[in-house]
Each structure stands twice: as structure tokens, then as C-alpha cells.
Protein chains: 2
Amino acid sequence: MRDPLATSPGYSLRRASSAMAALLTERLALLDLRTVEATVMMLIAENPQVTASRIGASLDIQRANMVPLLKRLEDAGLIERTPIDGKSQGLALTAAGTEKTAAARTTIRRFEAELIERVPPEHRAHLLPALDALWR
Amino acid sequence: MRDPLATSPGYSLRRASSAMAALLTERLALLDLRTVEATVMMLIAENPQVTASRIGASLDIQRANMVPLLKRLEDAGLIERTPIDGKSQGLALTAAGTEKTAAARTTIRRFEAELIERVPPEHRAHLLPALDALWR
DNA sequence: TCCAGATTGCTATGGGCAACAACAATCTTA
DNA sequence: TAAGATTGTTGTTGCCCATAGCAATCTGGA
């Protein structure tokens, strides 16, 4: 079958991203975590008492979409919120959350290592800067 | 804010992909096309009388999900189906579909060029092979 | 000090995309 | 020709993201 997409960086980017996302999703599912959740928890771990807004701003997640996300983490006993003032609340990991985040970090580290290993050595150093140039 | 994702190729891949996807989606919307639709039409253009199954296999789209996709293209008068045998049907572009596909191709070409231009020159040649190694 | 405007968290809703299970009709091949 | 594979289809579900709108609260300039 003739494939006009064979040399399209845009298409390859989409496919590579979704392939890798699927792989990571599968791995994190073993911890009963979704990718976004693991990401959010890692951010909270590094920045105790951040607000939902700041997390959202950093990850480009709309405020509205943070709500069910954080609710699920809270219901699972992984994070807790403490009021900062009347409207803001600081986020922090619970003990269980800290433990789960550590596990997630291990999973992610291994995943990233495998990702890089898939790339032929001569291209490896170029991947991150090239990707970053596309969005940062 | 401390950002543990700053050097994560997996995260950068996701962000780059979604940034680029959003840009292309926006451009193709001017033609009243979604990204998948443009992709499917380009594939049909290069392979007249392909079946929905083969398109799906090539793009990793489930058969079930091809149905509404093709229905929309057919309703828009962009593609037509001709029975090959009792169960298979060949897909082809209509005149309108051919025209729209040409427009989409122009849009996509421009988009791909801008994408590559965002990448610092020394990394450009490495992007496609690195990405392809992740999924092909 | 007070008020306009910004910020925060939230509800509700919908679109796009993909996954799964199941089915009937049809083709293929052993 | 019967068993199994293929094709197109329906229906349903889930995730992620976007928008609009709202109430409560904070903040900064007059």
C-alpha cells in the first residue's frame, strides 16, 4: 500500500507519541495510576503546597479539568488539601501518596530509559532538544 | 516552580505532539477537516479502491471507528464507495474530495515545513529517524 | 477604605478519539 | 461443503480536553 505519510514528521510525531503514551499508560495501570495522575503527583512532590491552579498552569491543564483529577487522587488517599486562604488550597502528598509516587517514578524512569534505548545511538542526543523546540 | 519533567523525553514527546496536533487541527479546520479525515483522504488518493479495513490497518484505526469517520466523509460528498464483492467496498475520492485533498495536502505541507523550521538546524535531520524508531 | 477586576475552585456539558464486545453477511480454504 | 477468517456495522464506554458560567475570595489603585 502506498503510504504518503512515510516521511511526514508530523505524522511520525503523532504515532511515536501515542505508541509511547500507550506503553506508559499500560505500565502505570499496574499501579492503578493514569499518566496525568502520576505527573501531577510528581509535581506536587517537588512543590509541596502548590495550588491546583499552578499545577494546571504548568501542565497546561484547564482549571476545570483539574477538579475530577484531584478528586480521584484525594479519594484514593494519595493527596490532601489544606486551605491556604479562603479560596486557595495547598496540595501535598499523603504517606500513601509519597509511596505511590516513588513507585511511579521508578516505573517512569525505566520507561524513559527504554524509550531512549529504542532510538539509534546517533540520534539519541538530538531527540530531547528537537522535541523541546516544538513546544517550549 | 520546580519541574521534574524538564528533561523527560516521554513528557516532551507528549507535549510536542499535542502542540503540533493542535496547530494542524486548527489549520485543517479552515477546510472543515479533522486531522484523521485529511489523513484518510490522502491515503485513499494514493490507493484508489482500498477498503476501509486496509486503511484502518495502515493507520491503526479499529474497523469500528472507521465507520463514523467514513460516513462523515461520504455525507460531505468527499468519498464514494463501490462494492468490490458482497462484503468489501472500494473507497475513492469524488471530484470534490480530490480538490479538498489537494487543499489539505498544501496545508499539511506548509505545516510540516514550519514544524521542521522550529527545530534547530543541527537537530533537524535526526528528528524523523528518532521518532520512527519509537513506533515503526 | 472601598470597589472593580482578577483569581480560585467548581459544575455542567460536549467534542474528538479510541477501545471493546458482539453480530450478520460474506468470503476463503482445507 | 463446512469451518474459520474477514468485512462492515452497531452500541457502549472511557479518557482527555475545551468552553461557558458561577460563587466565593483576594488584591490593588483611587
Side-chain angles (χ1 to χ4, degrees), chain A residues 1 11 13-15 17-29 32-40 44 49-75 79-91 135, chain B residues 1 11 13-15 17-29 31-40 44 49-76 79-91 135:
Chain A
M1 181 163 173
Y11 182 69
L13 180 57
R14 252 195 318 142
R15 290 298 299 263
S17 174
S18 91
M20 291 301 97
L23 179 56
L24 181 57
T25 297
E26 186 189 322
R27 302 269 178 94
L28 287 174
D32 192 29
L33 282 180
R34 291 192 283 250
T35 304
V36 208
E37 293 169 345
T39 309
V40 165
I44 295 176
Q49 298 308 313
V50 271
T51 63
S53 296
R54 304 230 311 142
I55 296 273
S58 170
L59 298 179
D60 265 333
I61 299 175
Q62 307 276 328
R63 259 169 322 142
N65 297 325
M66 290 294 296
V67 179
L69 203 168
L70 293 178
K71 176 165 174 21
R72 189 168 176 276
L73 290 178
E74 191 177 31
D75 288 351
I79 64 171
E80 56 192 1
R81 325 192 199 199
T82 23
I84 290 179
D85 56 30
K87 67 175 179 181
S88 299
Q89 37 194 315
L91 303 174
W135 72 276
Chain B
M1 180 161 171
Y11 183 69
L13 180 57
R14 255 200 311 146
R15 291 298 299 263
S17 175
S18 90
M20 292 299 98
L23 180 56
L24 182 57
T25 296
E26 186 188 322
R27 302 269 178 95
L28 286 174
L31 300 177
D32 192 29
L33 282 180
R34 292 191 282 248
T35 305
V36 207
E37 293 169 346
T39 309
V40 165
I44 295 176
Q49 298 308 311
V50 270
T51 62
S53 296
R54 302 231 310 143
I55 296 273
S58 170
L59 298 178
D60 266 334
I61 300 175
Q62 308 274 326
R63 277 199 320 281
N65 297 325
M66 291 294 297
V67 177
L69 204 167
L70 293 178
K71 176 164 175 21
R72 189 168 176 275
L73 291 178
E74 190 177 32
D75 288 351
I79 66 170
E80 57 192 359
R81 325 193 200 199
T82 24
I84 290 178
D85 56 30
K87 69 176 178 182
S88 298
Q89 36 193 317
L91 302 174
W135 71 277

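A, B, ... follow the sequence lines: proteins, then strands. Residue 1 opens every chain.
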Check the distance between [N]'s [atom2] and [X]'s [atom1] and give it to me in whole angstrom.
X: A:Leu91; N: C:dT8; atom1: CG; atom2: C1'; value: 12 Å
X: A:Gln62; N: C:dT13; atom1: CD; atom2: C1'; value: 14 Å
X: A:Leu69; N: D:dC16; atom1: CG; atom2: P; value: 8 Å
X: A:Ile61; N: D:dC15; atom1: CD1; atom2: P; value: 15 Å
X: A:Met66; N: C:dA12; atom1: CE; atom2: P; value: 19 Å
X: B:Gln89; N: D:dT9; atom1: CD; atom2: C1'; value: 10 Å
X: A:Leu59; N: D:dC16; atom1: CG; atom2: P; value: 13 Å
X: B:Ile55; N: D:dT7; atom1: CD1; atom2: P; value: 13 Å

- Query: Reckon B:Thr51 touches a base, only the sugar-phosphate, or nothing at all at heavy-atom distances under 4.0 Å?
  - Reply: sugar-phosphate
- Query: Is B:Arg63 near enough to D:dG8 that one of its side-chain N or O atoms lies under 4.0 angstrom from OP1 or OP2?
  - Reply: no
- Task: Look at atom CZ of A:Arg54 and say whether more than 12 heavy atoms of other residues, nucleotides or ligands are closer to it than 6.0 Å.
- Result: no
Approximate separation, where rounding is to 0.5 Å, of [X] [atom1] and [Y] [atom2]:
X: B:Leu73; Y: B:Arg81; atom1: CG; atom2: CZ; answer: 9.0 Å
X: A:Thr51; Y: A:Arg63; atom1: OG1; atom2: CZ; answer: 10.5 Å
X: B:Glu37; Y: B:Leu28; atom1: CD; atom2: CG; answer: 9.5 Å

[X] side-chain proximity, nearest of [options]:
X: A:Ser53; options: D:dT19, D:dA18, C:dG9; answer: C:dG9
X: A:Lys87; options: D:dA24, C:dC10, C:dA19; answer: D:dA24
X: B:Asn65; options: C:dA18, C:dT8, C:dC10; answer: C:dA18
X: A:Ser88; options: C:dG9, D:dG8, D:dT9; answer: C:dG9

- Task: Let me know, please, whether B:Arg81 or A:Asp85 comes out on the 5' side of the other along DNA chain D by nearest nucleotide.
- Result: B:Arg81
- Query: Want to settle it: does A:Val36 or A:Gly86 sit nearer the 5' end of DNA chain D, counting the closest nucleotide to each?
  - Reply: A:Val36
- Under the side-chain contact (heavy atoms from CB on, under 4.5 Å) rule, what do A:Leu24 and B:Tyr11 come out as? Steps first, then yes or no, please. CA-CA 11 Å; A:Leu24 181 57; B:Tyr11 183 69; over 6 Å; no
